[in-house]
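I have placed the structure first, in the form of structure tokens, so that the comments after it can refer back to it.
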Amino acid sequence: MSAAITVRRMDPGDKAWLKSEARLAGVSMEEFVRRMIRDRREASRRRMRPSEAFSRYFGPEHGVELPLRRGYGSRPVEFREVE
């Protein structure tokens, strides 16, 4: 599977930075960008969801009693005629 992207109107400073960083890493600019994307994707997978963060810092083991989740129901809207 091959995918290609083209970046147009790239800031010259960004391109120079990218070229310099790739050279320092000893890889092509293309490989450097591939690695940046892979690292960012893996970091986003490791990011804690809000519910995980809440459970980590609150709960019985931290002295906070959390109520059981009952769902997110809603009541239907009732319309009444005005007399």
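Index from 1, following the sequence. Values reported hereafter were calculated over all heavy atoms of this structure, with side chains retained and with hydrogens, waters and symmetry mates removed.
Residues that satisfy the side-chain contact (heavy atoms from CB on, under 4.5 Å) test with Arg34, not counting sequence neighbours, are Glu30, Glu31, Arg38. Under the side-chain hydrogen bond (donor to acceptor under 3.5 Å, both in side chains) criterion, Arg49 pairs with Glu52, sequence neighbours left out. For Leu24, the side-chain contact (heavy atoms from CB on, under 4.5 Å) partners are Ser20, Glu21, not counting sequence neighbours.
Under the 4.5 angstrom side-chain criterion for Ile, Leu, Val, Met, Phe, Trp and Tyr, Val82 has no cluster partners at all. Under a 4.5 Å side-chain heavy-atom cut-off, the cluster of Ile, Leu, Val, Met, Phe, Trp and Tyr residues that includes Ile5 has no other member.
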Hey, can you pull the donor-acceptor pairs under 3.5 Å for the side chains in residues 6-16, sequence neighbours left out?
{"from": "Asp11", "atom 1": "OD2", "to": "Gly13", "atom 2": "N", "distance (Å)": "2.8"}
{"from": "Asp11", "atom 1": "OD2", "to": "Asp14", "atom 2": "N", "distance (Å)": "3.2"}

